[in-house]
Novice: 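The following block contains the structure, expressed as structure tokens.
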Amino acid sequence: MNIPMLLQRPHQHFLKGLLRTPFRHYRFIFHPSPHLGSGVLCAQLLSSPGLHWAKWMLPSNGLTRKLCLQTTLEEHTEGLSDKEQRLVDKLYAGLIQGQRACLAEAITLVESTHSRKKELAQVLLQKVLAHNREQEKLNKGKPLAFRVGLSGPPGAGKSTFIEYFGKMLTERGHKLSVLAVDPSSCTSGGSLLGDKTRMTELSRDMNAYIRPSPTRGTLGGVTRTTNEAILLCEGGGYDVILVETVGVGQSEFAVTDMVDMFILLLPPAGGDELQGIKRGIVEMADLVAITKSDGDLIVPARRIQAEYVSALKLLRRRSGVWRPKVIRISARSGEGITEMWDKMKEFQEVMLVSGELAAKRQKQQKVWMWNLIQENVIEHFRTHPAVREQIPLLEKRVLSGALSPGLAADLLLKAFKSRH
Ligand SMILES: Nc1nc2c(ncn2[C@@H]2O[C@H](COP(=O)(O)OP(=O)(O)OP(=O)(O)O)[C@@H](O)[C@H]2O)c(=O)[nH]1
């Protein structure tokens, strides 16, 4: 029996029966076919209920992984109505062809809190992910996009910089996307960042895509959707992705887990004005750029630069191949911006060649997965009936000092486990 023959028979029972026969099963899996790639083969297998069988019978090579990945996709795809399937197909096709409207709609889908839409978003993401992997292979393993985090206190000159920098990149043939992470928008309902009016010229540029921060959800939710938006932008052919955050709160720490390079923009201001900058965040920076280094501000900009050069020397090195740099730039005169881009590319190159970039991205994937698990497990725990009914009483007893927090946590965990 050869594979093309098998695939011509879409009958699921036929496949099921075949999977129950180990001998045939092996022949089926390994039979080389000049016409069909393993992806097609897996897809056919997946339509069979004998999937679990197939999983352990496959050798532990790339095929197994592909199969597992598609299992998840299959679970999500199950029961997709024709209309939903059409929507996913339309968004996918439009997105990979570089249509901005489809990219925007796809990001809106991943930002949705509606459970069905979230499922559709996952189906779409898996397709885009598979596409990105293929493209990466064609690109000889080089990542499709350079992911850059950009942060700085309010008024540091972020939007003025992005406008200048973005135009420079698009003129050089790059496609740039700017994604904003602004947790303040979660509470205020308004978006501080990513507001298109902040970057008027860039927002009209067809090779740039600016996405304001989602205005709903927790920081965890916003970072999840930003991570997913990065993948979608990569699928859409954007080769530079800037993730912008405002330098307050936890968002920049979250962003450092999403990007290849983290850049901190600091204004040439005194210590007081930089109070809002969390010390830890300076330690995360791969590049510190002192902004507004023009006119009367050149002198204070030089001073701040010297201060940060000394401060960074004291920090523990995070990379074996890169030492954080401190530079001065001006988005008004354009000074230092070309050099900044050169430094960024140098960073990307040394990280890529040394293998640190791949290791960093792998680690980020794991962090991302565990963050999602953490968020969902806590939600699951809180809403579990046995736990939910005990929380008010136990919290009250902890507050009054009648019960130690440790014991209260143990009791709740016990209740959770006992009815699980
Ligand atoms: N002299 C000078 N002024 C600048 C430069 N870049 C920005 N500014 C000014 O600094 C102020 C703040 O710039 P923005 O780009 O809005 O700063 P931001 O960091 O995006 O601010 P938020 O939107 O509050 O986060 C504006 O008045 C700009 O005109 C620069 O390179 N040189």
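Worth knowing before you read on, the calculation uses all heavy atoms, side chains too, and leaves out hydrogens, waters and symmetry mates. Each ligand, and each atom within it, is numbered from 1 in the order the structure gives.
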Novice: Aromatic rings Trp341 and Phe146: how do their planes relate, parallel, tilted or perpendicular, breaks at 30° and 60°?
Specialist: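 Trp341 and Phe146: tilted rings.
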
Novice: May I ask which of Leu265, Asp294, Ile298, Asp296 has a heavy atom nearer to atom 30 (C) of ligand 1 than the others do?
Specialist: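 Among Leu265, Asp294, Ile298, Asp296, the closest heavy atom to atom 30 (C) of ligand 1 belongs to Asp294.
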
Novice: Between Asp260 (side chain only) and Arg147 (backbone N and O only), is there a donor and an acceptor less than 3.5 Å apart?
Specialist: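 Checked: pair present.
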
Novice: Would you confirm whether Glu84, through its side chain, and Ser81, through its main-chain N or O, come within 3.5 Å as a donor-acceptor pair?
Specialist: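 Indeed, once roles are kept as given, a pair shorter than 3.5 Å links the two residues.
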
Novice: Ile329 to ligand 1: N or O pair under 3.5 Å?
Specialist: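 By distance alone, the answer is no.
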
Novice: Would you mind listing which atoms of ligand 1 come within a distance below 4.0 Å of any non-hydrogen atom of Ser330?
Specialist: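 Atoms satisfying the 4.0 Å criterion: 31 (O).
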
Novice: Between Asn132 (side chain) and Leu231 (backbone), is there a donor-acceptor pair under 3.5 Å?
Specialist: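 Indeed, once roles are kept as given, a pair shorter than 3.5 Å links the two residues.
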
Novice: First locate atom CZ of Arg332, then atom CD1 of Ile329, and finally report the distance between them rounded to the nearest 0.5 Å.
Specialist: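 Rounded to the nearest 0.5 Å, the CZ-CD1 separation comes out at 13.0 Å.
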
Novice: Quick test of your reading of the structure: of Glu244, Glu335, Lys292, Met199, whose heavy atom lies closest to atom 8 (N) of ligand 1?
Specialist: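 Nearest option to atom 8 (N) of ligand 1, by heavy atoms: Lys292.
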
Novice: Would you check whether Gly157 has a nitrogen or oxygen atom less than 3.5 angstrom from a nitrogen or oxygen atom of ligand 1?
Specialist: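 Min N/O separation from ligand 1 is below 3.5 Å for Gly157.
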
Novice: Looking at ligand 1, does Gly152 have a heavy atom less than 4.0 Å from it?
Specialist: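 Gly152 does not count as a contact of ligand 1 under the 4.0 Å cut-off.
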
Novice: Within the structure, does Gly155 bring an N/O atom to less than 3.5 angstrom of an N/O atom in ligand 1?
Specialist: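 It does: an N or O of Gly155 is found under 3.5 Å from an N or O of ligand 1.
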
Novice: Does Leu176 offer a backbone N or O that forms a donor-acceptor pair with the side chain of His174 under 3.5 Å?
Specialist: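 The answer is no, because no donor-acceptor pair under 3.5 Å joins these two groups.
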
Novice: Return yes or no for this condition: an N or O of Ala331 is under 3.5 Å from an N or O of ligand 1.
Specialist: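 Between Ala331 and ligand 1, an N or O pair is found under 3.5 Å apart.
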
